[in-house]
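In what follows, every chain begins at residue 1, and chains take the letters A, B, ... in the order their sequences are listed.
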Amino acid sequence: MLTENYGMGMIAGMSKYPFNEIEKKWQKYWEDNQTFAVTEDPSVPPEKRQYVLDMFPYPSGAGLHVGHPEGYTATDIYCRYLRMNGYNVLHPMGFDSFGLPAENYALKTGTPPLISTERNIDNFRKQIKSLGFCYDWNREISTHTSEYYHWTQWIFVQLYKKGLAYESHMPINWCPQCKTGLANEEVKEGMCERCGTHVVRKNIRQWVLKITAYADRLLEDLDDLDWPESVKLMQRNWIGRSEGASVLFRMADSDDTLEVYTTRCDTLFGATYMVIAPEHPLVSKITSAEQKQAVEEYLEQAARKSDLDRTDLAKEKTGVFSGSYAINPVNGKKIPVWIADYVLISYGTGAIMAVPAHDTRDWEFAKKFDLPIIEVLKGEVDVQRQAWTEDGIHVNSGFLDGMNKEDAIKAMIAWLEERNLGHMAVNYKLRDWLFSRQRYWGEPIPLVHCPHCGIVPVPEEQLPLTLPETTSYEPSGTGESPLANIEDWVNTTCPVCGGPAKRETNTMPQWAGSCWYYLRYLDPHNDKQFVDPEKERYWMPVDLYVGGTEHAVLHLLYARFWHKVLYDLGLVSTKEPFQRLVNQGMITSFAYQRKDKTLVPTDQVEEVSPDVFVEKTTGEPLERIVAKMSKSLKNVINPDDIINEYGADSMRMYEMFMGPLQVSKPWSTTGLSGVWRFLDRVWRLCDDRKISDEQAAIALRKVLNKTIKKVTEDTASLNFNTAISQMMVLVNELYKIDTLPREIWEPLILLLSPYVPHLAEELWERAGHEPSVANMPWPTYDEALTIDEEVEVVLQVNGKVRSRIMMSKDATKDAMLAAAKSDAKLKEWIDGKTVVKEIVVPGRLVNIVVKD
RNA sequence: GCCCCAGUAGCCCAAUGGCAGAGGCAGAGGACUUAAAAUCCUUCCAGUAUGGGUUCGAGUCCCAUCUGGGGCACCA
């Protein structure tokens, strides 16, 4: 008992800084006084309205992670800063509360997902509130509530009516043992995570959203967004627009044609075989009697592979001959058609022309199955020994011979179009969005299947279509969702003809709720429409969106897609939802590594002397490295513990002090205690001495003005670590004098307030003011007091520093040069040499370039 | 295999192409103390992963390599 409490009691007990009391007190004050409630005040001009959004969390059973508060603290500081600068700031928080873990938890424990989810939300809310963020909690939403998903369903109906939702048969990961579909993350190395059975692909009826219809706009509109270039690049690559040609190959022995997409139609003379994906619709038709058994075996083998297996580059190429031949349209040659899983049905037409001489994958396949390789681009290698994938002049290519790539592509497309054998084509990597899940814990898709009327949407006035309560979350066994077994719910009447009908049993993916939550925050309690257009126009678009880089593609692309659909329907006023995006880096942790690179759980490590670590049981020396936090390494930091021990303000400020927001950085508890110590120093400034109304020394006032300037600029640009460093400089200066001048102290409290709001409120009150410091104007500075009159000028010879002198900041170039040339130390370096060049940077340096 | 990001002091990190150091941690010394802790003051520590290049001048820009982290759908 005693030893356990020793560490915690040490700091808390010694402290003169009662963060625990202070933090509770001010959190209650803000709540009681609704300090951060925000309204659409029409008197605030549009440029003074800011919408600052955090990616809302999935409320997992594990509770808040130290990674969450990083982004939340950053936006909180920024919002408080904006408020103090006269902005009307919308800053909401909510929960992305549908999701697989709650359902799996229900399967394991029988706890209904609604119960566990709401329990988790309560815990998350409490944890988030304990950090003192300035959210307008009146706007909290949770995607699993029927008040919310009413409108998720309503938007789906709009998509459906617009023809953007369609049914298709698509494969799922199917576990034959559990008789259930699995998410990708539930498949480990091709096996079912739960029972270890080999997972197979099973085609089932699914709902798909036509995101490809928006591919061009999703691509083009990226240009105007203030997003990290790397994220834009990832989205561009994901959309993957390419220009090429569609080419028709006639089958040799039937009337069927195979259409292929290629970006390199200029290499058509080198196409020596074709490959179609195992899922291609012509597979059964073109398979010859002799090859039937081999093909069927191969198809079965391919069906057992996950996408990951098929995309693993290290693997051997596999495939099987179909027994049929196609005709190469340019030269009339018969070429074999193979079936292989390195061709994906989801890209292009699911069929390729193989040019082994100039494509590495085709080359490997040709070598393995002994298919001919014909060089059509003159390269620097023997194509029988390796593929030549660079550009070259065409050879063995009839009318293309002698041409370069660009001209040959044009010539070939013209040739194909003339003969109706092909045409120019644009292709995208982007695929339509598989939108249905065979799960219970998601938004029911509001459609009815009627034997007479077909598919009928649930009438809008009957929404929300609520998720029925149940006690069994077991899969249906057929691949359908557990909803299929709830008879009273599934069986309904057709909204059109009134006859008996069945409800759609698929539910929506977790993405659905997060596709539009930023709009619901604008008007969270509206039961007539998903958002009031006036409120939408008041706030949108989101001015700053902060979240993890793991959402760089999917979430952000899906939300942009929905937003564009809503825009086309005239329901929102902006083309794009998120004008500016910032990704916060990951908070990692230290881990300890043996010589053989294996990792040791943190509780097995002893620090024998500073920065020397050994494994407790063996005494083996260990190297400290940086790793992701993980349960198995026992290096996960729990925010609750940190807040208890050091307080929310220390936690907030430390996370901002660790380094730049955008980069990943390791958690260090000693680093945290350093920030705690800084806050304690701030506290003791006014605890130990009286606030004085006398004027401060000019040197101190200069430091203050420099500090205000730096903190202002760095807070506005989200460079919080350097802003904090400057505040430390000012506090260190204050420690050098015995008084506490009010003219320094009060601006310092204001500068600190976005970072450590609880402490700042308390200090503000103790300085004799009414709360709240959050409503005070941001301090201003006098530019003249941020400039030093005397500066140190560096004197260089050939770019190397040889001497330094103090000069007026306004010294002319000539004066600086003259001073340099008369400097005794510099003379030694230039005497007797020829001066080649003289460079003078005013206020900074003189560089004299000499030659012997 | 491809794409993206990052390598600065023992550690976390600063540095408009211009003195490698703002701040913190750890270390050392001193003050205070009967002593320790806490606190305060002072202080040590490098040429920026490696090799080239551009430049009067490179941590910063360019090329190549190495190491680490993250992402990926064999994209024809």
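- In this structure, CG of A/Asn237 is placed 12 Å from P of B/C75, rounded to the nearest angstrom.
- Distance check on atom C1': B/U16 versus B/G59 gives 15 Å, rounded to whole Å.
- If you take CG of A/Asp341 and P of B/C75, they are 13 Å apart, rounded to a whole angstrom.
- In this entry the distance linking NZ of A/Lys628 with P of B/G68 reads 17 Å, nearest Å.
- Across B/C13 and B/U8, the matching P atoms stand 8 Å from one another, rounded to whole Å.
- Using C1' as the reference atom, B/G24 and B/A9 are 14 Å apart when rounded to the nearest Å.
- Using a 4.0 Å heavy-atom cutoff across all strands shown, A/Asp362 reaches no nucleic acid atom at all.
- Nucleotides B/U43 and B/A22 place their P atoms 12 Å apart, quoted to the nearest Å.
- Contact between the side-chain N/O atoms of A/Asn721 and the OP1/OP2 oxygens of B/A14 is found at a separation under 4.0 Å.
- No engagement by A/Glu838 is indicated, since no non-hydrogen atom pair under 4.0 Å with the nucleic acid exists.
- You'll find that the side chain of A/Met586 is closest to B/G70, out of B/A76, B/C19, B/G70.
- Computed from coordinates, the A/Leu672 CG to B/C12 C1' distance equals 13 Å when rounded to whole Å.
- As a whole-Å value, the separation of A/Gln584 CD from B/G70 P is 16 Å.
- Listed nucleotides B/A76, B/G18, B/G23 differ in distance to A/Ile839; the shortest reach to its side chain belongs to B/G18.
- Listed pair A/Arg677 / B/C25 meets the phosphate criterion, a side-chain N or O lying under 4.0 Å from OP1 or OP2.
- Applying the 90° cutoff around 0 to the glycosidic angle, B/G27 is assigned anti.
- We find the CD1-CD distance between A/Ile708 and A/Gln726 to be 10.5 Å, quoted to the nearest 0.5 Å.
- On the P atoms, B/G27 is 23 Å away from B/A14, given to the nearest whole Å.
- Taking atom CG of A/Leu268 as the reference point, atom P of B/A76 lies 17 Å away to the nearest angstrom.
- Nucleotides B/A28 and B/G17 are separated by 37 Å at their C1' atoms, to the nearest Å.
- In this structure, A/Trp676 and A/Tyr646 have perpendicular ring planes: the angle between them is above 60°, well past the 30° mark.
- Between the P atoms of B/G23 and B/C63, the separation comes to 35 Å (whole Å).
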_Quick one, A/Leu685 with A/Tyr735, criterion side chain to side chain contact (heavy atoms under 4.5 Å, CB included). Give me CA distance, side-chain angles, the key distance, then yes/no._
CA-CA 8 Å; A/Leu685 270 176; A/Tyr735 261 83; 3.8 Å; yes
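- As rounded to whole Å, 7 Å separates atom P of B/U39 from atom CZ of A/Arg684.
- In this structure, A/Lys429 does not reach the B/C75 phosphate: none of its side-chain N or O atoms is under 4.0 Å from OP1 or OP2.
- A straight line from CZ of A/Arg681 to P of B/G24 spans 8 Å, rounded to a whole angstrom.
- For A/Tyr592 (side chain) and A/Glu606 (main-chain N/O), no donor-acceptor pair under 3.5 Å exists by modelled atom type.
- On a pure distance criterion of 3.5 Å, no polar donor-acceptor pair joins the side chain of A/Gln726 and the base of B/G23.
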*asked:* Run the side chain to side chain contact (heavy atoms under 4.5 Å, CB included) test on A/Phe657 and A/Phe678 for me, step by step, so that the C-alpha distance in whole Å, both residues' side-chain angles and the decisive distance to 0.1 Å come before the verdict.
replied: CA-CA 12 Å; A/Phe657 186 60; A/Phe678 167 66; over 6 Å; no
